[in-house]
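A quick write-up on the structure given underneath.
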Amino acid sequence: MIYRFKVTLPESKVFYRTYAVGPEMTLYAFHSFICSDLGFDPDQMVFFDSRLDDGSRKGRYCLFDMGDGSMDQVTFKQLVSRGEVSLRYYFDMRLKRYLLITFEVQEENDPKMEYPTLLEGKGVNPDQFSGKYEDPEPVDFPAHKGSSGDDGEFDDDDDDDDEDEEEDDEEEEDGDEDGKLLVDEDFGKE
């Protein structure tokens with residue numbers, strides 16, 4: 001049997017991962033897997049808060065036993081059997097940022113797969129120390145020629161750009177320090 005969990009980031013509408021883990025996997029081993037998968041620093045202080053169906057906190061699992069067990073003692077099988085169906089994985093304790101890990105289903109394991117494994121995901125990995133998640137911005141490309149005035153092709157012809165800069169430089173030379181044009185007052189009087 002394996003357990004499938006969905007991992008989301010409360011501060012993002014885009015980010016999610018779906019992981020399959022074995023029942024005997026400890027929270028510490030899962031922490032190491034998350035750090036590897038998301039590029040987190042594994043040497044940071046982290047902890048898990050477990051939640052029941054009603055959302056109430058059931059246990060806190062840290063690197064050291066704080067009364068509910070340490071991360072290297074608690075397995076997913078124990079959590080699921082006690083009804084602790086969601087976890088908050090606090091990866092930035094200073095800013096109280098966490099991943100929400102929710103139990104989805106228990107299913108037969110695939111003998112061809114190694115567990116834990118990433119089944120699917122969306123969104124870029126969150127930066128562990130940035131303070132917020134940056135959802136990627138969509139890039140708008142012109143649909144066709146005429147919609148934005150250009151054909152969407154890269155302009156590698158720098159000749160026109162250099163001529164424009166030279167004209168701008170000449171105009172600036174005609175001005176004084178205040179940016180006003182200097183005019184020869186005797187010009188045109190004859």
Q: Would you kindly confirm whether Phe40 and Leu63 end up in one hydrophobic cluster when ILVMFWY residues are joined by side chain heavy atoms under 4.5 Å apart?
A: yes

Q.
If I take atom CG from residue Leu118 and atom CD1 from residue Ile34, how far apart are they, to the nearest 0.5 angstrom?
A. 11.5 Å

Q.
Please find the pair of heavy atoms, one from Cys35 and one from Pro42, that lie closest to each other, and give the distance.
A. SG-CA, 3.8 Å

Q.
Checking Val46 against Tyr90 for the side-chain contact (heavy atoms from CB on, under 4.5 Å) test, could you report, in this order, the C-alpha distance in whole Å, the side-chain angles of both residues, the deciding distance, and whether it holds?
A. CA-CA 6 Å; Val46 298; Tyr90 285 87; 5.9 Å; no

Q) In this structure, which one of Thr8, Leu87, Leu9, Val7 forms a side-chain contact (heavy atoms from CB on, under 4.5 Å) with Leu100? A) Thr8

**Q.** Non-hydrogen side-chain atoms of Arg4 and Thr18 separated by less than 4.5 Å
**A.** yes

(Q) For Lys122, give me all partners under side chain to side chain contact (heavy atoms under 4.5 Å, CB included), at least two apart in sequence or on another chain. (A) Val14, Tyr16

**Q.** Cluster overlap Val21 with Leu119, hydrophobic side-chain contacts below 4.5 Å
**A.** no

Q) So, Ser50 side chain and Gly59 main chain: donor-acceptor pair closer than 3.5 Å or not? A) yes

Q) Looking at the rings of Phe30 and Tyr89, which for Trp means the six-membered one, are their centres under 6.0 Å apart? A) no

Q: Find out if a path of hydrophobic residues (ILVMFWY) with successive side-chain heavy-atom gaps under 4.5 Å connects Leu38 to Phe33.
A: yes

Q | Phe64-Met93 co-clustered via ILVMFWY side chain contacts under 4.5 Å | A | yes

Q) What distance do Glu84 atom CD and Asp53 atom CG have between them, rounded to the nearest 0.5 Å? A) 11.0 Å

Q: Tell me whether Phe47 is reachable from Met66 by hopping between hydrophobic residues (I, L, V, M, F, W, Y) whose side-chain heavy atoms are closer than 4.5 Å.
A: no

Q: Would you please test Asp49 and Lys58 for side-chain contact (heavy atoms from CB on, under 4.5 Å) and show each step?
A: CA-CA 7 Å; Asp49 268 350; Lys58 173 69 175 165; over 6 Å; no

Q) Given side chains that start at C-beta, do those of Glu107 and Ile2 come closer than 4.5 Å, heavy atoms only? A) yes

(Q) I'd like to know whether Gln73 forms a side-chain contact (heavy atoms from CB on, under 4.5 Å) with Asp65, so could you lay out the CA-CA distance, the side-chain angles of the two residues, the decisive distance to 0.1 Å, and finally the verdict. (A) CA-CA 9 Å; Gln73 297 171 333; Asp65 188 351; 4.0 Å; yes

Q | Minimum heavy-atom distance between Leu27 and Phe76, given as atom pair plus value | A | CD2-CZ, 4.0 Å

Q: Could you verify whether a donor N or O on one side chain and an acceptor N or O on the other, from Tyr19 and Glu120, lie under 3.5 Å apart?
A: no

Q. Under 4.5 Å between any side-chain heavy atoms of Val74 and Thr26, yes or no?
A. no

Q. With no hydrogens and no angle check, is any side-chain donor or acceptor of Asp110 less than 3.5 Å from a backbone partner on Lys112?
A. yes

Q. Going from NE2 on His31 to CE on Met25, what distance comes out if it is rounded to the nearest 0.5 angstrom?
A. 11.0 Å

Q.
Whether the side chain of Asp68 engages the backbone of Arg60 through a donor-acceptor N/O pair (distance < 3.5 Å, no angle test) should be reported.
A. yes

Q. Counting only N and O atoms by type, is there a donor-acceptor contact under 3.5 Å from the side chain of Ser32 to the main-chain atoms of Tyr28?
A. yes

Q | side-chain hydrogen bond (donor to acceptor under 3.5 Å, both in side chains) pairs, two or more places apart, involving residues 93-103 | A | Glu11-Arg97

Q) Can you name the side chain to side chain contact (heavy atoms under 4.5 Å, CB included) partners of Ser81, sequence neighbours left out? A) none

Q) Please walk me through it: do Arg17 and Asn125 pass side-chain contact (heavy atoms from CB on, under 4.5 Å)? A) CA-CA 10 Å; Arg17 300 287 185 269; Asn125 291 344; 2.7 Å; yes

Q) Between Phe103 and Tyr3, is the ring centre distance below 6.0 Å? A) yes

